[in-house]
Amino acid sequence: MINAKNLNESEFFYGHKACAGCGGSLAVRIALKVLGEKAVAVLPAGCMSAVGFNYPQLAFANNAIISTFAGTASMMTGVLAGLKARGIEDAQVVGFAGDGGTADIGLQALSGAIDRNDNILYICYDNEAYMNTGIQKSSLTPFGARTTTTPAGSNIRGNLRPKKNLFEIIAAHDIPYAATASVGFIQDFINKVEKASKIKGTKFIHVIAPCPTGWGVNTDDTVDVAKEIVESGLWYLAEYENGSFHLNYKPKEFSDVSNYLKRQARFRHLTQEDIAAIEAGRNAKWEKISKDWA
């Protein structure tokens, strides 16, 4: 098992231009250290392609390519076919796409790749908005969050829609392996990337990766906030495998949702009624999880 003591000391994603405290860059860095030099990365338009492909300072030590915004998974299929044509069987094709490029623009291509069961690993680094283009709402933006397209004022209370349940949508394809993760639980993320790399077929990991710029938190609070979202029950660590869901971690007692929300500028407009609604949604979700999942 890979852990902090034996994690690859080589760096495969470095010198990038990401904002200080970027959770997405941490997710990419750790995943590539697990997958190693034979990983071939595909990235659509988004934060990680914007900060990682600044000629002449390519931030990837291994092979990496930018895909169309909608075509991450389909390009991964093409890369896989090209590697096979060259007789390369031991490379891991991995995609890194944000929440908008996955749950919105790229969902059709991802669904198709799962249907073909291509031997690829797709990692969604979820910072809960289109951060690269100005903090616009995506379908993975949570209820109540203020973005540039869901402003908070006297008439509108931020985003009015719940976060899309992407993990269960992907699992509904009967994918060989899917998981949720958080950069606040690095060992859990490492375990899941390593496990996925050893499974044949399409794999999917949905990792929460806070964006200090878009969330309105201190740049040195990224990991702490990524822990708190799990401890508060607003995100869960789970896997789908062999047709079943199971939890990897369940807090003994949920931390205060209000503390998690109010430390972020995007949620500071919320009323007590808003927070109560968020808590009620959390409780309903966990009641379902406790009943239906192992």
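Computed over heavy atoms, backbone and side chain alike; hydrogens, waters and symmetry mates excluded.
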Is [Y] close to [X] at the side-chain level, that is, under 4.5 Å between some pair of heavy atoms?
X: D224; Y: R263; value: yes
X: N165; Y: K285; value: yes
X: K195; Y: E239; value: yes
X: N8; Y: V34; value: no
X: E228; Y: Y260; value: yes
X: V94; Y: V42; value: no
X: I275; Y: L261; value: yes
X: L237; Y: S182; value: yes

Donor-acceptor contact present, side-chain [X] to main-chain [Y], <3.5 Å:
X: R146; Y: G153; answer: no
X: D104; Y: G101; answer: no
X: S197; Y: E194; answer: yes
X: N159; Y: P142; answer: yes
X: T150; Y: A145; answer: yes
X: S244; Y: Y240; answer: no
X: N127; Y: C211; answer: no
X: T149; Y: K137; answer: yes
X: N62; Y: A39; answer: yes
X: H173; Y: I175; answer: no

side-chain hydrogen bond (donor to acceptor under 3.5 Å, both in side chains): pairs with one or both residues in residues 89-98, sequence neighbours excluded: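 Residue pairs with at least one partner in residues 89-98: K38-D90.
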
Can you pull out every side-chain hydrogen bond (donor to acceptor under 3.5 Å, both in side chains) where at least one residue sits in residues 271-280? Sequence neighbours excluded, please.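 Listed once each, the pairs are T271-E273, T271-D274.
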
As a test of understanding, state which of Y177, F189, W235 forms a ring-ring contact (aromatic ring centres under 6.0 Å, His included) with H206.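 For H206, the ring-ring contact (aromatic ring centres under 6.0 Å, His included) test succeeds with only one of Y177, F189, W235, which is W235.
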
Take K200 and D118, measure what salt bridge (Lys or Arg N to Asp or Glu O under 4.0 Å) needs, and give me the verdict at the end. CA-CA 8 Å; K200 294 294 183 182; D118 295 323; over 6 Å; no

For the residue pair [Y] / [X], report whether a side-chain donor-acceptor contact shorter than 3.5 Å exists.
X: N283; Y: E287; value: no
X: T77; Y: R116; value: yes
X: D99; Y: S138; value: yes

Answer yes when [X] and [Y] have at least one side-chain N-carboxylate O distance shorter than 4.0 Å, and no when they do not.
X: K33; Y: E9; value: no
X: D126; Y: K163; value: yes
X: E128; Y: K164; value: no
X: E231; Y: K227; value: no

Tell me the closest heavy-atom pair linking [X] and [Y], and the distance in Å.
X: A109; Y: G71; answer: CB-CA, 4.5 Å
X: G184; Y: A226; answer: N-CB, 3.3 Å
X: I135; Y: T147; answer: O-CB, 3.1 Å
X: A209; Y: G24; answer: CB-N, 3.5 Å
X: A91; Y: L83; answer: CB-CD1, 3.8 Å
X: T141; Y: A129; answer: OG1-CA, 3.8 Å

At what distance, to the nearest 0.5 angstrom, does [atom1] of [X] lie from [atom2] of [Y]?
X: I66; Y: L43; atom1: CD1; atom2: CG; answer: 7.5 Å
X: F254; Y: S232; atom1: CZ; atom2: OG; answer: 8.0 Å
X: T72; Y: F96; atom1: OG1; atom2: CZ; answer: 11.5 Å
X: N191; Y: I186; atom1: CG; atom2: CD1; answer: 11.0 Å
X: L140; Y: L166; atom1: CG; atom2: CG; answer: 5.5 Å
X: N248; Y: T180; atom1: CG; atom2: OG1; answer: 6.5 Å

For P151, which residues count as a side chain to side chain contact (heavy atoms under 4.5 Å, CB included) partner, sequence neighbours excluded?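 If we apply the side chain to side chain contact (heavy atoms under 4.5 Å, CB included) test to P151, skipping adjacent residues, there are no hits.
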
Residues, nucleotides or ligands: over 12 heavy atoms within 6.0 Å of [X] [atom1]:
X: R161; atom1: CZ; answer: no
X: E11; atom1: CD; answer: yes
X: E168; atom1: CD; answer: yes
X: K17; atom1: NZ; answer: yes

Looking only at the aromatic ring of each residue, does the gap between the centers of F185 and Y249 stay below 6.0 angstrom? yes

Are the ring centres of F267 and W215 closer than 6.0 Å? no

For a side chain to side chain donor-acceptor pair (under 3.5 Å) check, start with the C-alpha distance between T102 and Y122, then their side-chain angles and the critical distance, and finish with the verdict. CA-CA 9 Å; T102 301; Y122 191 112; 2.8 Å; yes

All ring-ring contact (aromatic ring centres under 6.0 Å, His included) counterparts of Y14, not counting sequence neighbours: none

As a quick check of understanding, evaluate side-chain contact (heavy atoms from CB on, under 4.5 Å) for N119 and T202, giving each step before the final call. CA-CA 5 Å; N119 188 30; T202 309; over 6 Å; no

State plainly whether one hydrophobic cluster holds both [X] and [Y], where clusters connect Ile, Leu, Val, Met, Phe, Trp and Tyr through side-chain heavy atoms under 4.5 angstrom apart.
X: V193; Y: V230; result: no
X: V223; Y: V28; result: yes
X: V40; Y: M75; result: yes
X: I65; Y: I123; result: no

Give the ring-plane orientation class for F13 versus F60, where under 30° counts as parallel, over 60° as perpendicular and anything between as tilted. tilted

Could you go through residues 45-56 and list every donor-acceptor pair under 3.5 Å that involves a side-chain atom there, pairing it with any protein atom two or more places apart or in another chain?
unit_1, atom_1, unit_2, atom_2, d
S49, OG, P44, O, 2.7
S49, OG, G46, N, 3.0
S49, OG, G46, O, 3.1
N54, ND2, A50, O, 3.1
N54, ND2, V51, O, 3.2

Could you list who else is in M1's hydrophobic cluster, with ILVMFWY side chains joined at under 4.5 Å, directly or through other members?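 Result for M1 is none, singleton.
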
